[in-house]
Amino acid sequence: MNKKNNIPRGIPDLGKRLRLFRKSFGYSAQALAELIKSKHEDSSITRQVIFNIENGRKTDLTITELVYISDAMGLPYSALLCDLTQPFLPIQSGPFMGKNTYDVIDDFDPRKTEIAINDEWPEINQYLDAATELIQNIAKFQFARHAFLENWGKNDETVQIQLMTMEAALSFMEADIKDLQDEDVYIPKRLSKKVSDAKTEYETFKAKKANNTKKQ
């Protein structure tokens, strides 16, 4: 408690939220501490640390503690920082005082900024935008692929539309990959493989459609 203005310090209701999530998942404090340790060997989060948080004796978390505790329970980091059930309720104390949950989550998204590092550098959100577009285009391709197979032999017009959608998505995927590679951005092999597999599938479906059209 801050004696000067009587405003509680730390993250409001942090302990309540941790206890709620822990019990919802059926963990004892000891079990949660052991789970965290099994995932992160360097963890110093013990049963007592968890009790201290839940009882309000520890009202702040380091970034490492926040990540380790959230990761162990499969929670987004924001779940411990603020009340996700009240997105627009003003926060009355702590580091996010004056904001609401929606504002806090939005503040953590670097893609909303338009700041450029300097004239020689691109906007700092460029790489996240390109990565997001790549993932979205992979999803579009998969959706069109499913619709293509679902309508094969039933609706030739829909099949043609989905083939065109796959072609467009593949084109964007390849462009996204190239843009990221040109900027020396790391791309996981699983994403590169999805693009490669999509290209193979598209060519297969395209040939299949052409052969079917000839037979007709």
*Asks:* Kindly compute the distance separating CG (L32) from CG (L18), expressed to the nearest 0.5 Å.
*Replies:*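 Those atoms lie 6.5 Å apart.
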*Asks:* Please answer whether the main-chain N or O of V49 pairs with a side-chain N or O of T46 as donor and acceptor at a distance below 3.5 Å.
*Replies:*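 Pair found, side chain donor or acceptor close to backbone of V49.
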*Asks:* For a quick test of reading the model, state the closest non-hydrogen atom pair linking A144 to M166 and the distance between them.
*Replies:*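 Looking at all heavy atoms of both residues, the shortest contact is CB-CG, 3.6 Å.
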*Asks:* Are side-chain heavy atoms of R145 and F205 found at a separation under 4.5 Å?
*Replies:*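 In contact.
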*Asks:* Ignoring hydrogens, what is the shortest heavy-atom contact between I69 and I53? Give both atom names and the distance.
*Replies:*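 So the two residues come closest at CD1-CD1, 4.0 Å.
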*Asks:* Can you tell me how far CG of D83 sits from CG of D13, rounded to the nearest 0.5 angstrom?
*Replies:*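 Result: 7.5 Å between the selected atoms.
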*Asks:* Once you round to the nearest 0.5 Å, how far does NZ of K39 lie from CE of M73?
*Replies:*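 Interatomic distance, K39 NZ to M73 CE, rounded to 0.5 Å: 11.5 Å.
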*Asks:* I'd like to know if the side chain of N155 reaches the main chain of T158, judged simply by a donor and an acceptor atom lying under 3.5 Å from each other, with no hydrogens or angles considered.
*Replies:*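 Present.
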*Asks:* Testing the basics here: between G56 and T59, what is the closest heavy-atom pair and its distance to 0.1 Å?
*Replies:*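 Reported closest heavy-atom pair: O-CG2, 3.4 Å.
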*Asks:* When you measure from the side chain of S38 to the backbone N and O of L35, does any donor-acceptor pair fall under 3.5 Å?
*Replies:*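 Indeed, once roles are kept as given, a pair shorter than 3.5 Å links the two residues.
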*Asks:* Around atom CZ of F172, are there more than 12 heavy atoms of other residues, nucleotides or ligands at under 6.0 Å?
*Replies:*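 12 or below, so no.
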*Asks:* For the CG atom of N137 and the CE atom of M173, what is their distance to the nearest 0.5 Å?
*Replies:*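 Answer rounded to 0.5 Å: 7.0 Å.
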*Asks:* On the ring face of W152, is K209 found with NZ or CZ under 6.0 Å from the centre and within 45° of the axis?
*Replies:*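 The answer is no; the distance or angle limit is not met.
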*Asks:* Main chain of Y27, side chain of R22: is a donor-acceptor contact present, judged purely on distance under 3.5 Å?
*Replies:*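 Yes, R22 side chain to Y27 backbone: donor-acceptor pair under 3.5 Å.
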*Asks:* Could you tell me whether the side chain of K37 and the main chain of E41 form a donor-acceptor pair under 3.5 Å?
*Replies:*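 The answer is yes, because a donor-acceptor pair under 3.5 Å joins these two groups.
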*Asks:* Is the backbone N or O of L20 less than 3.5 Å from a side-chain atom of S24, with the two atoms forming a donor-acceptor pair by type?
*Replies:*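 Yes; judged by distance alone, with no hydrogens or angles, the pair exists.
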*Asks:* Side-chain contact test, heavy atoms from C-beta onward, threshold under 4.5 Å: evaluate it for L75 versus F21 and give yes or no.
*Replies:*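 Answer yes - side chains close enough.
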*Asks:* Can a donor-acceptor pair be found, under 3.5 Å and without considering hydrogens, that links the side chain of N55 to the backbone of R57?
*Replies:*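 Looks like no, no N/O pair under 3.5 Å.
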*Asks:* Over all heavy atoms of both residues, which pair between S93 and P12 is shortest? Give the atoms and the distance, please.
*Replies:*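 Smallest heavy-atom distance, with atoms named: O-CG, 3.1 Å.
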*Asks:* So F96 and F108, would you call those rings parallel, tilted or perpendicular, with 30° and 60° as cut-offs?
*Replies:*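 If you compare the ring of F96 with that of F108, the planes turn out perpendicular.
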*Asks:* Any donor and acceptor pair, going by atom type alone, linking the side chain of N211 with main-chain N or O of A207 inside 3.5 Å?
*Replies:*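 Confirmed, N211 side chain pairs with A207 backbone.
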*Asks:* Look up atom OG1 in T165 and atom CZ in F141, then write down how far apart they are to the nearest 0.5 Å.
*Replies:*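 Here the rounded value is 10.5 Å.
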*Asks:* Is the closest side-chain donor-acceptor distance between N52 and Q48 under 3.5 Å?
*Replies:*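 Yes, Q48 and N52 have a side-chain donor paired with an acceptor closer than 3.5 Å.
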*Asks:* I need the single residue from D156, V159, I161 that forms a side chain to side chain contact (heavy atoms under 4.5 Å, CB included) with N151. Which is it?
*Replies:*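 With N151 as partner, side chain to side chain contact (heavy atoms under 4.5 Å, CB included) holds for just one option, V159.
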*Asks:* Can you tell whether the side chains of K199 and E174 come within less than 4.0 Å, N to carboxylate O?
*Replies:*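 Salt bridge: yes.
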*Asks:* Any chance CZ of F25 has more than 12 other-residue heavy atoms, nucleotides or ligands included, within less than 6.0 Å?
*Replies:*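 Counting other residues, nucleotides and ligands, CZ of F25 exceeds 12 neighbours.
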*Asks:* Do Y202 and D197 get their side chains close enough for a donor-acceptor pair, meaning under 3.5 Å?
*Replies:*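 On atom types as modelled, these side chains do not qualify, holding no pair under 3.5 Å.
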*Asks:* Looking at K58 and E65, does any basic side-chain N land under 4.0 Å from a carboxylate oxygen?
*Replies:*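 Salt bridge: yes.
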*Asks:* Do NZ/NE/NH1/NH2 and the carboxylate oxygens of K206 and E167 come within less than 4.0 Å?
*Replies:*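 Salt bridge between K206 and E167, a charged N being under 4.0 Å from a carboxylate O: no.
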*Asks:* With a sphere of 6.0 Å drawn around CZ of F51, does it hold more than 12 non-hydrogen atoms of other residues, nucleotides or ligands?
*Replies:*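 It does: F51 CZ has more than 12 such atoms within range.
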*Asks:* Rounded to the nearest 0.5 Å, what's the gap from CD on E150 to CD on Q162? Could you check?
*Replies:*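 So the gap between those two atoms works out to 11.0 Å.
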